[in-house]
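Working notes, beginning with the structure itself.
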Amino acid sequence: MSTPSLYLNQLNVEQRSAVQRTEGPVLILAGAGSGKTRTLVYRIAHLVRSAQVDPGRIVAVTFTNKAAMEMRERVREFAGDEAKRVTISTFHSLGARILREHGVKLGLPRKFAIYSAADQMGALKSACSEISIDDDSFDLKRVMRQISDWKTRGLAPVEAVKHVASEQARGNRSDDYAVLSADAYGLYEEMLRACGAVDFDDLLLLTVRLLREDEMVRQALWKRWHYFMIDEYQDTNAVQLEMARILAGPRRNLCVVGDDDQSIYAFRGADVANILEFERHFPGTTVVKLEHNYRSTQRILAAANAIISGNRHRHAKTLRTGNPIGPLLDLWTHDTDVAEAEGVAREIQVRRMTRKMRWEEFAVLYRTNPQSRVLEEALRAQNIPYRVVGGTSFFERKEVVDCLAYLRTVVAAEDEIALRRIINWPTRGIGRTTVLKVAAMAREQRIQFARLLDVIGADDVGAASSAAITAFRKQLDEARGSLAAAEAAAAMPPPAQEHGFPPLAAWADAFFKSLAIEDALRSDHRDRTVETRIENVRDVVGTIARYERKVWSEAGTDDWEPPSMSDALARLTLAEMDEDEEDLEQGGVTLMTLHSAKGLEFSDVFIVGLEEGILPHARSLTGEGADEYGDPLAEERRLLYVGVTRAMNRLGLSYCLSRRRGGSATATMPSRYLEEIPADLVEIRDTGTTLTPEESTTLQSNFFSGIKEMLAD
DNA sequence: CCAGGGGTCCTTTTT
DNA sequence: GGACCCCTGG
């Protein structure tokens, strides 16, 4: 691996001293492939090794667990074991940690649950049924997005209501969804709190609220943490900016690194202004610009520069590289998405043979997750090993969500959302009608759903249902008893020689078996997906086992606590237990979305599906939401820029003339961004489409504008 | 009132 | 492929 210090040779004396300096705000504006993260790692290593700074005082914040893990490794490589005490964490994990310690002051239970997408929707649905808008005429996902949007901007329910009202007063088109969402927001929050839960956005929002309101907490954290570093700063939203600002405190030792051209998360509230106006937010900032690209060939870089120059409103910078000019970029046209996938697979085979490349050196990038399927099929057909990064994450699979809901129900009886999710799965004679009746009664009597189950009888729901409820309650009670025993066992140091699962995992395994989860899956699904689903359930148990071992391996560090089921659930939800060992070891061609690719690099990159409606995505073409987040087409362009700059040596681009979407094939047009790539950088590769010779000639001679006209007919 | 089968949508990007 | 809804049979 090339070393950070090597990269810093490019820094002039002032820049280098800025990066090494121990006081005041620093902004590192860095282009793609310029060694951004390495610079941060270097700064951390310098602080640690200079021996002026206690490593325990340093915090580095990333956006993904993957990035955190990687940074952790690199920092250790550079600064040795001392660096273990540096806190390297995602924004959300950091928030969770602060709330775990101090959340009581906001009325949160010490062991709050963290809701991810599926549970959020459950809570919203339940909340909306209270204002009788649970019918199908409203798209609850859209309501959820709106609520999440307010949360990332730091608005509380009352403020959201005011905001909507003032928008209407100003005569803006009245939006039913905005009004509805504002009402739903408050109820949704109440539901979450009643369940003892917070959602992802709360991990940031509540942390900021706590920090703002509580001087004692601020002081405590300022005492603990003195240095803050933030990676990918261009992706911070309003709440994250506030969190950074408060945590940095009067010391203002905040060093951020980012690239406005790689801002691709406006859809979830990220605001490029945060990086563009950093100097205004933190007066006295030293700015370091990194414009040298160490990653890509000249041609790839030229293409990237050409693409991104189509965007206005950016910190103009032109990346330069001392790398070789490199081969031309490839452009393929295919008839169908299936042919496109096969073409990529073939090309990978050929290059691996002729250039003796390893599978790991290839990546295939796409705009949307479902696009991975055709690619997977093609790769499998040619026996090419691959790994899909991201996608429908493990913890969003239905059977996994259900299993976690079981665990949460046992851990926290007040978690109505979890309880209702699993109350009749596997089916046990507590049907929809009964559940609705109990829910209605609970609301009338203003008591918790779970508490009502304890006292409900045959008079209320009939003999059969009542008996089923009693049996189920007994089952849960027993599980709570055995979990308490397992947690006690888990708090004892594990034996040197381990056999079987550690206590919590063993308990979960036995619990799932007693519920006959596998039988239920088998009868629910007659298809071949059964085995995968069963495997997923076993993976839940395996993940808990991994969690326990990991916690014990960290025993003795600052504020260590023994493993507990609630902590396991929190870490699982935050996906901190994702990735890890096995996933990294598993080699093969990498398949992922352009979003997931940020921060990574590969020798050979293929970007597929360069079509209107895919990239740029159809949703960015409607003009909807354009005012709020800036130009969606500019963000799509940055997305392509990110993809292009992942490639070190070779870049392949492709699109097809027809693509299966849903069930039927639809004709597609090449992406507008293709036109922005200078033609002399590109070689058009023949792929045997069914174009007529004339059309083919047009394509060859007139590249993009030609085919666009052709397809416009 | 409950369970199971068949039909019908839909699919941006993520912590 | 998958999640969800509605309908039917028990």
Side-chain angles (χ1 to χ4, degrees), chain A residues 61-68 89-96 114-118 120-121 125 136 139 141 145 148 151-152 199-204 232 235-237 239-240 263-270 365-374 376-377 389-393 395-399 401 424-437 461-465 468 520 523-529 532-533 573-576 578 592-598 609 613-622 625 629 632 635-636 638-639 642-643 660-663:
Chain A
V61 186
T62 62
F63 276 79
T64 66
N65 290 298
K66 200 168 54 183
S89 138
T90 63
F91 267 106
H92 289 84
S93 296
L94 192 68
I114 300 168
Y115 276 12
S116 57
Q120 283 181 291
M121 287 308 293
K125 214 169 180 176
D136 297 334
D139 177 5
K141 273 190 191 154
R145 268 202 306 275
S148 173
K151 284 190 168 193
T152 56
D199 64 19
F200 274 117
D201 298 321
D202 286 333
L203 292 175
L204 309 176
E232 308 281 13
D235 288 328
T236 50
N237 59 36
V239 176
Q240 285 161 328
S263 159
I264 52 175
Y265 284 101
F267 72 91
R268 64 171 194 203
L365 310 181
Y366 37 84
R367 176 66 175 84
T368 68
N369 280 305
Q371 289 174 257
S372 72
R373 187 171 311 143
V374 234
E376 288 185 66
E377 280 164 15
V389 177
T392 315
S393 102
F395 297 102
E396 282 165 28
R397 308 245 166 96
K398 194 177 177 301
E399 63 276 11
V401 171
N424 200 35
W425 184 84
T427 53
R428 52 172 67 86
I430 310 175
R432 220 173 69 106
T433 321
T434 303
V435 171
L436 288 178
K437 192 182 272 179
V461 293
S465 298
S523 66
D524 282 359
H525 309 274
R526 282 173 46 223
D527 47 16
R528 274 154 229 86
T529 65
T532 326
R533 290 170 194 269
T573 311
L574 287 168
E576 283 181 24
D578 229 4
M592 61 185 159
T593 62
L594 290 161
H595 282 89
S596 318
K598 195 173 58 166
I614 301 283
L615 185 69
H617 192 272
R619 295 290 274 261
S620 65
L621 297 171
T622 60
Y629 298 132
E635 178 142 314
E636 297 286 307
R638 289 193 291 268
L639 205 43
V642 167
R660 286 191 81 80
R661 294 179 86 172

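Residue numbering restarts at 1 for every chain, and letters A, B, ... go by the order of the sequence lines.
Put simply, CE on A/Met121 is 16 Å from C1' on C/dG2, counting in whole angstrom units.
The side-chain hydrogen bond (donor to acceptor under 3.5 Å, both in side chains) check on A/Arg397 picks up nothing, with sequence neighbours excluded. Remark: A/Arg145 engages A/Arg142, A/Arg619 in a side-chain contact (heavy atoms from CB on, under 4.5 Å) (not counting sequence neighbours). Applying the salt bridge (charged side-chain N to carboxylate O under 4.0 Å, His left out) rule to A/Asp202 yields the partners A/Lys151, A/Arg193; only residues at least two apart in sequence or on another chain are considered. Residues meeting the salt bridge (charged side-chain N to carboxylate O under 4.0 Å, His left out) test with A/Arg533, sequence neighbours left out: A/Glu399. Judged as a ring-ring contact (aromatic ring centres under 6.0 Å, His included), and not counting sequence neighbours, the contacts of A/His595 are A/Tyr265, A/Phe267. When the side-chain contact (heavy atoms from CB on, under 4.5 Å) test is applied to A/Val461, the partners found at least two apart in sequence or on another chain are A/Thr434, A/Lys437, A/Val438, A/Ile456, A/Ser465, A/Ser466, A/Ile469. Partners of A/Ala468 by side-chain contact (heavy atoms from CB on, under 4.5 Å), not counting sequence neighbours, listed by chain and number: A/Ile430.
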Between the protein and nucleotides 13-15 of chain B, list the N/O to N/O atom pairs that are separated by less than 3.5 angstrom.
{"from": "B/dT13", "atom 1": "OP1", "to": "A/Asn369", "atom 2": "N", "distance (Å)": "2.7"}
{"from": "B/dT13", "atom 1": "OP1", "to": "A/Asn369", "atom 2": "ND2", "distance (Å)": "3.1"}
{"from": "B/dT13", "atom 1": "O4'", "to": "A/Arg367", "atom 2": "NH1", "distance (Å)": "3.2"}
{"from": "B/dT13", "atom 1": "O2", "to": "A/Arg367", "atom 2": "NH2", "distance (Å)": "3.2"}
{"from": "B/dT13", "atom 1": "O2", "to": "A/His595", "atom 2": "NE2", "distance (Å)": "3.4"}
{"from": "B/dT14", "atom 1": "OP1", "to": "A/Thr593", "atom 2": "OG1", "distance (Å)": "3.1"}
{"from": "B/dT14", "atom 1": "OP1", "to": "A/Ser596", "atom 2": "OG", "distance (Å)": "3.2"}
{"from": "B/dT14", "atom 1": "OP2", "to": "A/Asn369", "atom 2": "ND2", "distance (Å)": "3.3"}
{"from": "B/dT14", "atom 1": "O4'", "to": "A/Arg268", "atom 2": "NH1", "distance (Å)": "3.4"}
{"from": "B/dT14", "atom 1": "O2", "to": "A/Arg268", "atom 2": "NH1", "distance (Å)": "3.3"}
{"from": "B/dT15", "atom 1": "O3'", "to": "A/His92", "atom 2": "ND1", "distance (Å)": "3.4"}
{"from": "B/dT15", "atom 1": "O2", "to": "A/His92", "atom 2": "NE2", "distance (Å)": "3.0"}

Taking N or O atoms only and anything under 3.5 Å, show me the protein contacts with nucleotides 1-4 of chain B, one pair per line.
{"from": "B/dC2", "atom 1": "OP1", "to": "A/Gly431", "atom 2": "N", "distance (Å)": "3.2"}
{"from": "B/dC2", "atom 1": "OP1", "to": "A/Thr434", "atom 2": "OG1", "distance (Å)": "2.4"}
{"from": "B/dC2", "atom 1": "OP1", "to": "A/Ser465", "atom 2": "OG", "distance (Å)": "3.4"}
{"from": "B/dC2", "atom 1": "OP2", "to": "A/Thr433", "atom 2": "OG1", "distance (Å)": "3.1"}
{"from": "B/dA3", "atom 1": "OP1", "to": "A/Gly429", "atom 2": "N", "distance (Å)": "2.8"}
{"from": "B/dA3", "atom 1": "OP2", "to": "A/Asn424", "atom 2": "ND2", "distance (Å)": "2.9"}

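The pair A/Arg638-A/Glu635 meets the salt-bridge criterion, since a charged nitrogen lies less than 4.0 angstrom from a carboxylate oxygen.
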